[in-house]
Amino acid sequence: MRITIAGGGIGGLATALSLHAAGLDDLVVHEAAPEIRPLGVGINLLPHAVRELTELGLGDRLAAIGVPTAELAYVNRYGQAIWSEPRGLDAGYRWPQYSVHRGRLQMLLLDAVRERLGAYSVRTGSRLTGLRHDSDLLVGADGIHSAVRSALFPGEGAPPWNGLMLWRGTTHGAPFLTGRSMIMAGDGRQKFVAYPIGDGRLINWIAERPMEGEPPERGRWNRPADLASVVEHFADWTFDWLDVPGIIAGAEAAFEYPMVDREPLPYWTRGDAVLLGDAAHAMYPVGSNGASQAIIDARVLAHSLATTGTTTAYEENRRPVTTALQLANRRQGPDVVMRLAHERAPGGFTDIDQVVPLAERAEIAAAYKRTAGFDPALLNERASWSVR
């Protein structure tokens, strides 16, 4: 089977590696950019994605570039603790959770593809348009503005915006909480996220709040932002253990991005074309699932093709899961605990259990893990997607 992959991002490169591992190595990755460079800021890889990369033989390389997340903590705009839980190995998973620089992860995958499939397996400056290709299968892994998706669903238009603006940046700063904590701070209207990447002293951060009027270009991550205006929105978010405005102001650069996603699709496959990753199910960046779900897509697609010769099992497995996840993220996913705490105690609280009871908080967290496919027991016990 000859396979063409449109897109040399995380999803496309993970697909190439997964197909090669499954014995399907007659493939070429086409990337529109003239050069693949380590762009972007930080992302999180959840244990279900780390499992797949580990089974592809990339565990040691990933550990060398990632910070193993120890804790996820939710706080209100005053820094008061709402909910916290261990993550990765500390939560009983067989695989870690990592915070990594997106660009470094992409380069790790690119290097592995070229090592295993040859230097010419990835063709840069090669933009595929529509459904025209010279192989048996076209995999559309070409992102939220996918040309393959546009050909399958013409007239869909721009991705819908929910009225929120995101700002992303990195700032050198002192470790906070455990030193490997990922924190979500919010008041029901705006949110601040921070976690360490790189050497652990580089803080990746995301700030979010509503914005009036029409947003700038949708679906572009690298539009420069005005740091001073972002700081104004978070000027009084100074906690005993974290200086939010100071972190924002200290960034070397920041980027703005309107929060957009895509509508769930009725199908991903038509004829000899199939969608994967953001091209299939772009979702709000809630719960750290974007890149993780694309990696899982890649593994399941390879397993489906290697064992059945079709994409049927892939779509039957993945489309319901990611549709449920897209809709859950529109409802704020696990971040909803911050909105509930704000609605019930807008001025803060002395006892969170009197505001959002422990059982309610625990079920919100557990339900999202089940929806996204990383419930610890289920993930640890699930059969491998490797083809033996």
Side-chain angles (χ1 to χ4, degrees), residues 1-32 36 48-59 61-62 105-106 108-124 126 128 131-143 146-149 151-152 267-281 291-319 321-322 382-388:
M1 177 181 288
R2 292 176 303 144
I3 301 172
T4 296
I5 301 171
I10 291 171
L13 295 172
T15 299
L17 291 170
S18 298
L19 292 169
H20 173 265
L24 300 166
D25 54 9
D26 187 359
L27 62 89
V28 176
V29 178
H30 293 262
E31 168 54 44
I36 297 177
H48 52 353
V50 175
R51 172 181 181 173
E52 304 310 331
L53 294 179
T54 301
E55 292 184 359
L56 285 171
L58 300 173
R61 296 190 193 188
L62 187 56
L105 173 63
Q106 186 177 10
L108 182 159
L109 298 175
L110 176 63
D111 290 345
V113 170
R114 286 175 168 163
E115 290 167 9
R116 298 177 187 186
L117 286 103
Y120 298 103
S121 57
V122 179
R123 299 178 186 174
T124 56
S126 179
L128 298 184
L131 302 176
R132 302 183 66 179
H133 60 99
D134 58 357
S135 58
D136 300 306
L137 180 68
L138 170 63
V139 180
D142 47 345
S146 168
V148 179
R149 178 175 175 134
L152 293 176
Y267 58 87
W268 290 355
T269 306
R270 192 176 76 193
D272 57 0
V274 63
L275 299 174
L276 179 144
D278 278 356
H281 51 70
S292 292
Q293 294 297 325
I295 292 167
I296 297 166
D297 284 353
R299 291 277 285 164
V300 178
L301 175 63
H303 186 275
S304 178
L305 291 173
T307 56
T308 71
T310 73
T311 63
T312 302
Y314 160 67
E315 184 166 339
E316 288 178 348
N317 179 287
R318 297 296 299 147
R319 191 165 60 83
V321 171
T322 56
R382 173 178 63 72
S384 173
W385 291 115
S386 296
V387 177
R388 307 190 191 285

Check: H281 and R319 side chains under 4.5 Å, non-hydrogen atoms
no
Which residue pairs pass the ring pair (Phe, Tyr, Trp, His ring centres under 6.0 Å) test with at least one member in residues 295-315, sequence neighbours excluded?
W268-Y314, H303-W385
State, to 0.1 Å, how close [X] and [Y] come at their nearest heavy-atom pair, and which atoms those are.
{"X": "T308", "Y": "S304", "result": "OG1-O, 2.7 Å"}
{"X": "L276", "Y": "A294", "result": "CD2-O, 4.1 Å"}
{"X": "V321", "Y": "N317", "result": "CG2-O, 3.4 Å"}

Roughly how far, to the nearest 0.5 Å, is the [atom2] atom of [Y] from the [atom1] atom of [X]?
{"X": "D111", "Y": "L13", "atom1": "CG", "atom2": "CG", "answer": "10.0 Å"}
{"X": "R318", "Y": "L275", "atom1": "CZ", "atom2": "CG", "answer": "13.5 Å"}
{"X": "H48", "Y": "L53", "atom1": "NE2", "atom2": "CG", "answer": "11.5 Å"}
{"X": "L128", "Y": "I5", "atom1": "CG", "atom2": "CD1", "answer": "11.0 Å"}

Output all residues satisfying side chain to side chain donor-acceptor pair (under 3.5 Å) with [X], sequence neighbours left out; order by chain, then residue number.
{"X": "D272", "value": "H133"}
{"X": "S126", "value": "H30"}
{"X": "T311", "value": "T269"}

Would you be so kind as to tabulate the donor-acceptor pairs closer than 3.5 Å made by side chains of residues 116-123, with sequence neighbours excluded?
{"residue": "R116", "atom": "NH1", "partner": "L56", "partner atom": "O", "Å": "2.8"}
{"residue": "R116", "atom": "NH2", "partner": "L56", "partner atom": "O", "Å": "3.0"}
{"residue": "S121", "atom": "OG", "partner": "G118", "partner atom": "O", "Å": "2.7"}

Residues R61 and E115 bridged, charged N to O under 4.0 Å:
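Salt bridge flag = yes for E115 with R61.
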Please tabulate, for side-chain N and O atoms in residues 22-29, each donor-acceptor pair with protein atoms closer than 3.5 Å (sequence neighbours left out).
none

